[in-house]
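Because the structure is a prediction, the values reported are computed rather than measured.
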Amino acid sequence: MKTGLTELPLDQVRTLLAVVDEGTFDAAAAALHVTPSAVSQRVKALEQRTGRVLLVRTKPVRPTESGTVIVRFARQLARLERDAWTELGMNDAGDTTRVSIAVNADSLATWFLTALTRVPDEPRLCFELRREDESRTATLLREGLVMAAVTSSPDPVAGCSVRALGRMRYLAAASPEFADRHLGASLGDALARAPVMTFDRSDDLQDAFVRGLRRGRGGASPVRHHIPTSEGFLSAVTAGLGWGMIPEAQAEPLLETGRLVQLAPQRPVDVPVYWQQWKLDFPALAAVTEAVTATAAAALRA
């Protein structure tokens, strides 16, 4: 007879989650008020029951692919348990519900915080935001570290639902002084040499823009500055450190005042944005989802 997730011993599941969250068996034992030997025995018993290795015994420990499934289940189970206590009226009056969300820096700097201000005051919520590139936020969902994520992936993570929020438009821009100094008649070739801003080493938006101008030949210049915050990125472009792809909502006020000039106005870049969340019915998560989708409908392009 196959063992389903619903038949997994809850003490073993919770112990595995504690080990992953605390990073070591000893720390998990302290958090659970049991001995390290008891923690080790519970994890081994769970591995025997599932027939899979669930942890990589490093420091800190890491869940394997199978372990990630159990960890996600454990977090969802804990969330359901807290909601049940709340509905029974058996929680403390001052209790708050923690909602963990992965969101990319540009959304966080432009429209996402507005969405959170529109979430009703009841139930009382405490937001825990994890800033991550939109191409990698789904990984945090897959690992069970967050309940929901703003992501560029339309493919739902196992156990999650997905809905389109809209398209975030980016404009290639630079300071007027930078444009005069570095850019010539052939914009694509000039951008292949001119200093460029990137968010981090995995940021491909500027390279994709240049490849589009040059019909697939090469990308942006190897002279690039990494600025890992949306506000810092904008300030660096405005100061003339390099050119970059700026979210439309951030670029427009500076374009109107002449502090920035748009490069290739006929070539904006639209990045589809999606909302992925656990499928489980959490009232708190439902309230956040409603506020996020309504705000995105007004802030993003359809």
Give a yes or no on whether the backbone of [Y] and the side-chain of [X] come within a donor-acceptor separation of less than 3.5 Å.
X: S40; Y: P36; value: no
X: R14; Y: A78; value: no
X: R167; Y: A302; value: yes
X: Q262; Y: A173; value: no
X: R215; Y: R211; value: no
X: Q276; Y: D155; value: yes
X: T137; Y: V150; value: yes
X: R267; Y: P265; value: no
X: T295; Y: V292; value: no
X: R72; Y: R142; value: yes

Any non-hydrogen side-chain atom of [X] less than 4.5 Å from a side-chain atom of [Y]?
X: V43; Y: F25; result: yes
X: P247; Y: R169; result: no
X: R163; Y: Y274; result: no
X: E22; Y: L32; result: no
X: L234; Y: L260; result: yes
X: L55; Y: L16; result: yes

Take atom [atom1] in [X]; do more than 12 heavy atoms of anything else shown fall under 6.0 Å from it?
X: E231; atom1: CD; value: yes
X: R57; atom1: CZ; value: yes
X: D200; atom1: CG; value: yes

Whether the [X] and [Y] side chains hold a donor-acceptor pair (N or O, under 3.5 Å, no angle test) is what I'd like checked.
X: S202; Y: R136; value: yes
X: Q277; Y: S161; value: no
X: W275; Y: T289; value: yes

Interatomic spacing from [atom1] in [X] to [atom2] in [Y] - rounded to 0.5 Å:
X: R131; Y: L140; atom1: CZ; atom2: CG; answer: 13.0 Å
X: L54; Y: S66; atom1: CG; atom2: OG; answer: 6.5 Å
X: H226; Y: M197; atom1: NE2; atom2: CE; answer: 9.5 Å

Exercise answer: donor-acceptor pairs, residues 100-108 side-chain atoms, under 3.5 Å, sequence neighbours excluded:
{"unit_1": "S100", "atom_1": "OG", "unit_2": "M147", "atom_2": "N", "d": "3.3"}
{"unit_1": "N104", "atom_1": "OD1", "unit_2": "S107", "atom_2": "OG", "d": "2.8"}
{"unit_1": "N104", "atom_1": "ND2", "unit_2": "E134", "atom_2": "OE1", "d": "3.3"}
{"unit_1": "D106", "atom_1": "OD1", "unit_2": "S230", "atom_2": "OG", "d": "2.8"}
{"unit_1": "D106", "atom_1": "OD2", "unit_2": "Y170", "atom_2": "OH", "d": "2.7"}
{"unit_1": "S107", "atom_1": "OG", "unit_2": "W111", "atom_2": "NE1", "d": "3.2"}

Would R75 and D21 satisfy salt bridge (charged side-chain N to carboxylate O under 4.0 Å, His left out), going step by step from the backbone distance to the final call?
-> CA-CA 11 Å; R75 293 194 196 282; D21 283 348; 2.7 Å; yes

From the list D207, T198, D203, side chain to side chain donor-acceptor pair (under 3.5 Å) partner of R224 resolves to D207

Would you sort out whether L183 and W243 count as a side-chain contact (heavy atoms from CB on, under 4.5 Å), showing the intermediate values?
-> CA-CA 10 Å; L183 306 184; W243 72 275; 5.7 Å; no

Pair listing, side-chain hydrogen bond (donor to acceptor under 3.5 Å, both in side chains) test, anchored in residues 24-38, at least two apart | S37-Q41

Would you call E248 and R301 a salt bridge, using N to O less than 4.0 angstrom?
-> yes

Residue pair R42, V34: steps toward the side-chain contact (heavy atoms from CB on, under 4.5 Å) verdict = CA-CA 11 Å; R42 290 178 187 177; V34 298; 3.9 Å; yes

Sequence neighbours left out, what passes salt bridge (Lys or Arg N to Asp or Glu O under 4.0 Å) with R259? Give chain and number order.
-> none

